[in-house]
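Working notes, beginning with the structure itself.
All values below come from the heavy atoms of this structure, side chains included, with hydrogens, waters and symmetry mates left out. Convention: sequence-line order gives letters A, B, ...; per-chain numbering from 1.
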Number of protein chains: 2
Amino acid sequence: VRAGIIVTGTELTSGLRQDRNGPWLARRTRELGLEPEQIILVPDRPREIAGALSFLEGEGVQLIITSGGLGPTADDLTAQVVAERQGREMTFDAELARRIEEIVAPLRERYPGIDAAALEAGTRKQAMVPEGASILAPVGTAPGLIVPPAYGETPLVLVLPGPPRELQPMFEDALAHEPLRALLARARPRCQATMRLFGIPESEIAQTLRSAAARGLDLAELEITTCLHRGEIEVTTAYPPSAQERYSALAAFIAERHPRELFSTDGRSIDQILAELLAERGWTIATAESCTGGMLGARLTDLAGSSRYFRGGLVVYSNQAKEALAGVPAQLIARHGAVSQEVAQALANGARTKLDADVGVGITGIAGPDGGSPEKPVGLVWVAVAAAGESGAPSVHARSASLPGGRADVRERATTLALHMVRRALPGAPRR
Amino acid sequence: VRAGIIVTGTELTSGLRQDRNGPWLARRTRELGLEPEQIILVPDRPREIAGALSFLEGEGVQLIITSGGLGPTADDLTAQVVAERQGREMTFDAELARRIEEIVAPLRERYPGIDAAALEAGTRKQAMVPEGASILAPVGTAPGLIVPPAYGETPLVLVLPGPPRELQPMFEDALAHEPLRALLARARPRCQATMRLFGIPESEIAQTLRSAAARGLDLAELEITTCLHRGEIEVTTAYPPSAQERYSALAAFIAERHPRELFSTDGRSIDQILAELLAERGWTIATAESCTGGMLGARLTDLAGSSRYFRGGLVVYSNQAKEALAGVPAQLIARHGAVSQEVAQALANGARTKLDADVGVGITGIAGPDGGSPEKPVGLVWVAVAAAGESGAPSVHARSASLPGGRADVRERATTLALHMVRRALPGAPRR
């Protein structure tokens, strides 16, 4: 069962705002066994909404989901455009109007100056629905709709409001309503699995997939997507339950070929893995960051419960701060430069000592666009991780990387690199 | 001149990743006077890419911009699908192949185990281009293309790579190339102006716009979009140059109504404004962050040149770190709790003193989802700014906010709030 998504909003097509509904709907429909094929963003205008509906129908999708354009004002026209496209008249639903009136009643009390006539016109407008459509109870003030075509069975159009906090619960509610339920019963739920690797280029994973095929692995029905995200390679595979063995064989093949680079086989991010590793071992971590300016600390505290393992951090942007806060000797900076193995190690040690943590991480680098030199170009980053060694004595591991991209990319990748170095440094930590 | 955007990527249509290129391209084309109408996300499959191209052609757009599918592997098919659609043969460009070879050469050194045959096949593939297309120099390894139709003049297809750091500079480069240059010459550039406000709800600005109309301001041809972003309201207006006076009148009306909330009338972000204010005055800043874990430091160092004013920061997630690093008295935390006006002020003072900065910022709050209580619910944040007062003696200003949303929202908004508090604290700083 193939599906298409239409998200309306002039603020989206003009690039002023990022759409969140398209990805959410795509993820949910995919989990339900549908194939989301297109996500189309169009302005809030009947002509473009109708054009997108007609395009998706032409592409042969069985389900179209729309988001937005259900508000109380006259320029919210999605329901009407969908009705027309599906060959249905708009009719007034008195029962629905009463329900919306109840919902908006408190507004009159909260805002005594509110325009009562406008409010009533809005209620009336929102209670106009395509004849024969299933009505989904409003979460805000707008009802959702399931609109089957007047002739034929598909495409079914599921009409949802734009605000994510209304759209999401209403989508879940819609699943139980006919005729969507009947359509979903025909869908074949698929499994989806994600492997994540760090430290190889995207071309290398493409090569691995080719080798898998060349070695005779059967990849039929495995829909494999690879993508590079924050310096990590994600290999996501969707497949029918019947192809589980084939997927397991592929996963084993990738694991065998990239034992060091593969770090996640169950969808967990490096952030989650690291959080769990640290919490499991009861270890604490502290940071001393120069070029990343606090990004590593921010990522380590992204997840709830991070206070269990994150002690704190030092943002030592100036050399003076490196000396005063992290205890980096001034001569070390003078001799090797602020971006050097020696200073990265001193930062890691300083973070560990000053914050009394089990693990210390130091980052120093040239994020650019200025500050590069022939020996130390923009993108050069040194990262060090200090931890207790096997014997109990502290051990520091450092490495450099030449990171591509602009200032923001270099900073983000340096942060990711640091997370992976910590993962590898945790003694006895499984490689994946 | 109307334009449509096609972004390819199965990871996008399945909701695994959020698209960044569509909004960016929409914004830029709009600035150039084009009308971006649709943004279509399709999987990396020839059938769907061709379908989207044909749909946009049917909608009558004069320019189609594609993003993605230019990689070295056999399943990157955008160039070929566009060539077919435009009625052009694919040909091998030997000069381009040499250029790509030079670019990928360093990969062989960086990854000694890399598959040389695959690398060569990739180079050859990326050097296949539609006959008669203009070639845009690779930023990564993939060249971009401007592909005119074999017959007729439109639609012109601009083919760009997927990674934003390749797409963005290549788009700028493309503007100077024929036949895109000729097409742009026909566009009617529109002015676009953005006002940014902080500290009012979105409904309030809608009310202001209604009042403007009610007071008789002529808003004809002003295309106004308001949107809420990281806790700030953005009012973006697109208009023809002939409507400049009407826009100025509207801008003055908004400025008069929201003198304290309006902070930017020239498109600058709070980050840029703050950076310039600090640099202008020669002031330095330092941070002590609890719940934001380094996000404020990260934002203050986002912009190049931030070393001029950013001294450094303390990420004091644990109480122990608050005491040891920022010098917050243990009794203060015991008496008032870690999330309190007193502790926020002590953090601001601590940051200022320990890092020897002119301005110190302290943030402490409950980002959730756990840790809330009836008196101090999730979302409660205290922010303090310490600076030299008028008399020279230090002065600390603190305020609390109840921030909506999930953990990530609370952290992001707390960071934004802190930036605005610093802006307001800078003595003599203009309000906008």
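Atom CD1 of B/Ile363 sits about 4.5 Å away from atom CG of B/Leu296, to the nearest 0.5 Å. Atom OG1 of A/Thr8 is separated from atom CG of A/Asp44 by 4.5 Å, given to the nearest 0.5 angstrom. Taken from CD1 in A/Ile40 to CD1 in A/Ile6, the straight-line distance is 5.5 Å, to the nearest 0.5 Å. Rounding to the nearest 0.5 angstrom, the gap separating the CD1 atom in B/Ile103 from the OG1 atom in B/Thr123 is 9.0 Å. For the atom pair A/Ile200 CD1 and A/Arg260 CZ, the distance stands at 12.5 Å (nearest 0.5 Å). Here the OG atom belonging to A/Ser402 is positioned 12.5 Å from the CZ atom belonging to A/Arg413, to the nearest 0.5 angstrom.
Counting only residues at least two apart or on different chains, the salt bridge (charged side-chain N to carboxylate O under 4.0 Å, His left out) pairs with a member in residues 6-27 of chain B are A/Glu234-B/Arg17. Sorted by first then second residue, the salt bridge (charged side-chain N to carboxylate O under 4.0 Å, His left out) pairs that include residues 287-299 of chain B, not counting sequence neighbours, are B/Asp271-B/Arg299.
For chain A, no part of B/Thr194 is nearby; none of its heavy atoms comes within less than 4.5 Å. Using a 4.5 Å cut-off between heavy atoms, B/Leu355 touches chain A through its side chain atoms alone. Contacts of B/Leu303 with chain A are made by backbone atoms alone, with heavy-atom separations under 4.5 Å and no side-chain atom involved. With a 4.5 angstrom heavy-atom cutoff, A/Glu35 does not touch chain B via any of its atoms. Interface residue B/Ser307: backbone and side-chain heavy atoms are both found under 4.5 Å from chain A. Contacts between B/Glu166 and chain A at a heavy-atom distance below 4.5 Å are absent for every atom of the residue. Of the two parts of B/Arg45, only the side chain, counted from C-beta on, holds a non-hydrogen atom closer than 4.5 Å to a non-hydrogen atom of chain A. With a 4.5 angstrom heavy-atom cutoff, A/Thr292 touches chain B only via backbone atoms. Proximity to chain A (any heavy atom under 4.5 Å) is shown, for B/Arg311, by both the backbone and the side chain. Contacts of B/Leu12 with chain A are made by backbone atoms alone, with heavy-atom separations under 4.5 Å and no side-chain atom involved.
Looking only at heavy-atom pairs under 4.5 Å with chain B, the residue among A/Ser290, A/Ser306, A/Pro201, A/Gly305 that has the most is A/Pro201. Options B/Val42, B/Asp302, B/Thr10 differ in how many heavy-atom pairs under 4.5 Å they form with chain A, and the most are formed by B/Asp302. Contacts with chain A were tallied for B/Thr236, B/Ile39, B/Ile5, B/Thr29; B/Ile39 has the most, counting heavy-atom pairs under 4.5 Å. Per-residue counts of heavy-atom pairs under 4.5 Å with chain A were compared for B/Gly297, B/Pro23, B/Gly313; the largest is that of B/Gly313. The greatest number of non-hydrogen atom pairs below 4.5 Å with chain B, out of A/Gln38, A/Gln207, A/Arg210, A/Met295, is found for A/Gln207. Ranked by heavy-atom pairs under 4.5 Å with chain B, the list A/Asp409, A/Leu325, A/Thr301 is led by A/Thr301. Between chain B and the options A/Pro404, A/Gly368, A/Ala367, the largest number of non-hydrogen pairs under 4.5 Å is found for A/Pro404. The most heavy-atom pairs under 4.5 Å with chain B, out of A/Ala321, A/Ala408, A/Gly22, A/Gly51, come from A/Gly51. The residue among A/Arg411, A/Glu204, A/Glu48 with the most heavy atom pairs within less than 4.5 Å of chain B is A/Arg411. Ranked by heavy-atom pairs under 4.5 Å with chain A, the first of B/Gly162, B/Pro43, B/Gly140 is B/Pro43. In terms of heavy-atom pairs under 4.5 Å with chain A, the best-connected choice from B/Gly371, B/Gly71, B/Gly312, B/Ala288 is B/Gly312.
Heavy atoms from other residues, nucleotides or ligands lying under 6.0 Å from CZ of A/Arg308 number 12 at most.
Remark: A/Tyr309 engages no residue in a ring pair (Phe, Tyr, Trp, His ring centres under 6.0 Å) (not counting sequence neighbours).
Checked by atom type and distance alone, the side chain of A/Lys354 never pairs as donor or acceptor with a backbone atom of B/Ala324 at under 3.5 Å. Although no hydrogens or angles enter the test, the distance criterion places a donor-acceptor pair under 3.5 Å between the side chain of B/Lys322 and the main chain of B/Val316.
Counting all heavy atoms, side chain and backbone alike, B/Lys125 lies closest to B/Asp76 at NZ-O, 2.7 Å. The two residues A/Gly294 and B/Ala298 make their nearest non-hydrogen contact at C-CB, 4.2 Å. Contact record, B/Ala304 with A/Pro369: CB-CD, 3.2 Å, taken as the closest heavy-atom pair.
A/Leu209 places a side-chain heavy atom less than 4.5 Å from the side chain of A/Thr226.
Contacts of residues 52-59 of chain B with chain A at a heavy-atom distance below 4.5 Å involve B/Ala52, B/Phe55, B/Glu59, listed in sequence order.
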